[in-house]
Amino acid sequence: MGQVVLKARKTRPFLARHPWVLSSAVASVTGTVADGDVVDVLSEQGGFIARGVFNRRSHVRVRLYTWDAQEPLNATFWDRQLARAIGWRRRLGLLDSDSAARLVFSEADGLSGMVLDRFGPHLVLQVNSLAVAIRLPMLIPLIAQLAGPESITVRSEAGLAKVEGLEVRAECAWGTAPDGPVRIAEHGIRFAVDLAAGQKTGFYLDQRENRRAAASYMRDRRVLDLFCYSGGFALAAAVLGGARDVLGVDSSESAIGWAQTNAELNGVSNVRFVQRECFEMLDELREAGEQFDAVVLDPPRFARNRFHVAEALRAYHRINRVAVDLLAPDGILVTCSCSGSVSRQDFLDMLTGVAAKSRRTIHLLEQRGHASDHPVSLACPENEYLKCLICRVL
Ligand code: SAH
């Protein structure tokens with residue numbers, strides 16, 4: 001087996017079980033090691049630290065999977081990790097027939113570079129590392145055995161795949177993929193999900209519990225759901241929350257199409273969706289003097305990495321400022337950030353700035369993150385990305 005020797009004083013994060021050995025931490029590589037091979041990671045003195053998978057094409061030179069020197073990274077290992085991850089969701093009751101849930105969340109489940117989402121009987125496997133990509137012929141049958149799905153569709157996130165030097169073709173790798181959208185239910189609300197072409201793996205599962213929490217403040221309110229995608233928050237507000245009427249806005253034509261389909265599936269007539277650019281729409285609504293009792297802001301990731309944080313915070317400030325202006329007294333603001341590089345504290349400080357500029361008192365009611373099927377390992381805090389603040393704007 002090849003060996004990767006770390007630079008002196010670079011071992012500490014890996015002893016603490018951080019799973020990404022960056023190229024800058026590597027002193028030398030011994031043995032003939034091909035991309036995708038299992039390697040041992042050693043201290044400068046030659047002591048075993050962890051075992052992982054090598055990839056020269058990625059700046060994450062080794063992804064670590066076990067810290068037990070006796071444990072080979074064979075099918076038994078992957079099967080056990082998958083069984084632990086899926087077993088946890090089963091205990092949470094997330095494997096019920098028509099529900100949707102994340103079954104595997106990458107590093108948090110000890111499966112770096114793998115995301116597995118379930119939509120009723122169908123699974124979507126998002127492959128974000130070479131380590132996972134080249135083991136697909138072994139992993140797919142293991143997943144099929146553990147979860148018993150009708151199909152497994154393999155996808156990758158374009159940006160991540162490029163960084164890892166991967167080429168993953170979106171295709172059905174097991175069983176028969178649905179020939180149209182899959183119907184799921186979230187808190188009893190029905191959604192049609194396009195597994196092959198939808199954003200992410202088709203649906204934003206990370207916001208599941210936040211949609212329900214937000215809905216609980218929406219009774220009889222006029223709601224504006226900005227960046228609504230397929231209508232998650234909008235429909236939760238209408239169906240669960242008893243909102244008076246809801247306007248959902250998104251710039252994606254297909255998202256608005258799905259949102260309209262989803263409104264029909266739930267038989268609601270007080271929810272309207274329009275295809276618009278949200279920054280423009282916000283300014284226009286403010287100029288027209290429109291008011292709402294609740295505004296949801298769930299924009300896409302504004303900061304790709306730490307170099308874009310300042311710019312992202314300015315964009316967050318701008319949309320939150322206008323959203324607050326649109327709120328009637330005693331309004332509800334649900335404001336989210338899915339930029340991992342923007343810390344929770346930065347996001348809170350941004351909102352404090354908005355309160356000061358707009359001369360409104362803002363009460364924080366709930367500070368939320370991802371749903372419990374998206375755990376965060378304290379060893380890899382980089383995986384935490386979602387902030388969702390529910391506020392009362394006086
Ligand atoms: N709230 C949604 C998820 C939103 S994801 C849910 O609960 O499912 C972010 C959405 O923002 C995507 O649907 C994307 O199409 C949309 N989007 C990105 N940039 C936009 C812009 N400038 N104006 C409007 N929508 C935008």
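We count ligands from 1, going down the list as the structure has it; atoms in each ligand are counted the same way.
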When every non-hydrogen atom of Gly110 is compared with those of Gln81, the smallest separation belongs to O-NE2, 3.3 Å
Closest non-hydrogen contact found for Ile152 with Ile140 is CD1-O, 3.8 Å
request  = Begin from the C-alpha positions of Leu327 and Asp293 and carry the test side chain to side chain contact (heavy atoms under 4.5 Å, CB included) through to its verdict.
outcome  = CA-CA 6 Å; Leu327 279 172; Asp293 307 310; 5.8 Å; no
Modelled atom types, side-chain donor and acceptor of [X] and [Y], under 3.5 Å:
X	Y	answer
Tyr316	Thr335	no
His59	Ser23	no
Gln3	Asp40	no
Glu107	His18	no
Arg368	Asn210	yes

Specify the protein heavy atom at minimum distance from [atom]: its residue, its atom name, and the distance to 0.1 Å.
atom	value
atom 26 (C) of ligand 1	Ser251 OG, 3.1 Å
atom 15 (O) of ligand 1	Asp250 OD1, 2.7 Å
atom 5 (S) of ligand 1	Tyr204 CZ, 3.4 Å
atom 22 (N) of ligand 1	Glu277 OE2, 2.6 Å
atom 23 (N) of ligand 1	Cys278 N, 2.8 Å
atom 4 (C) of ligand 1	Phe227 O, 3.1 Å
atom 1 (N) of ligand 1	Asp298 OD2, 2.7 Å
atom 19 (N) of ligand 1	Pro300 CG, 3.7 Å

Inset, instruction - Taking the six-membered ring for Trp and the full ring for Phe, Tyr or His, determine whether the centres of Tyr65 and Trp78 are under 6.0 Å apart. - result: yes
Ranking Arg301, Arg211, Gln207 by closest non-hydrogen atom to atom 6 (C) of ligand 1, top hit is Arg211
The answer for which part of Cys228 has a heavy atom under 4.0 Å from ligand 1 is backbone
Checking heavy atoms under 4.0 Å, the part of Met281 that sits near ligand 1 is neither
Under a 4.0 angstrom heavy-atom cut-off, which atoms of ligand 1 come close to [X]?
X	result
Ser252	15 (O)
Tyr229	2 (C), 3 (C), 4 (C), 8 (O), 13 (O)
Arg276	23 (N), 24 (C)

Neighbour count above 12 (heavy atom, 6.0 Å) for Arg304 CZ
no
**Report entry** ligand 1 to Phe279 polar contact by distance, N or O atoms, under 3.5 Å
**Finding:** no
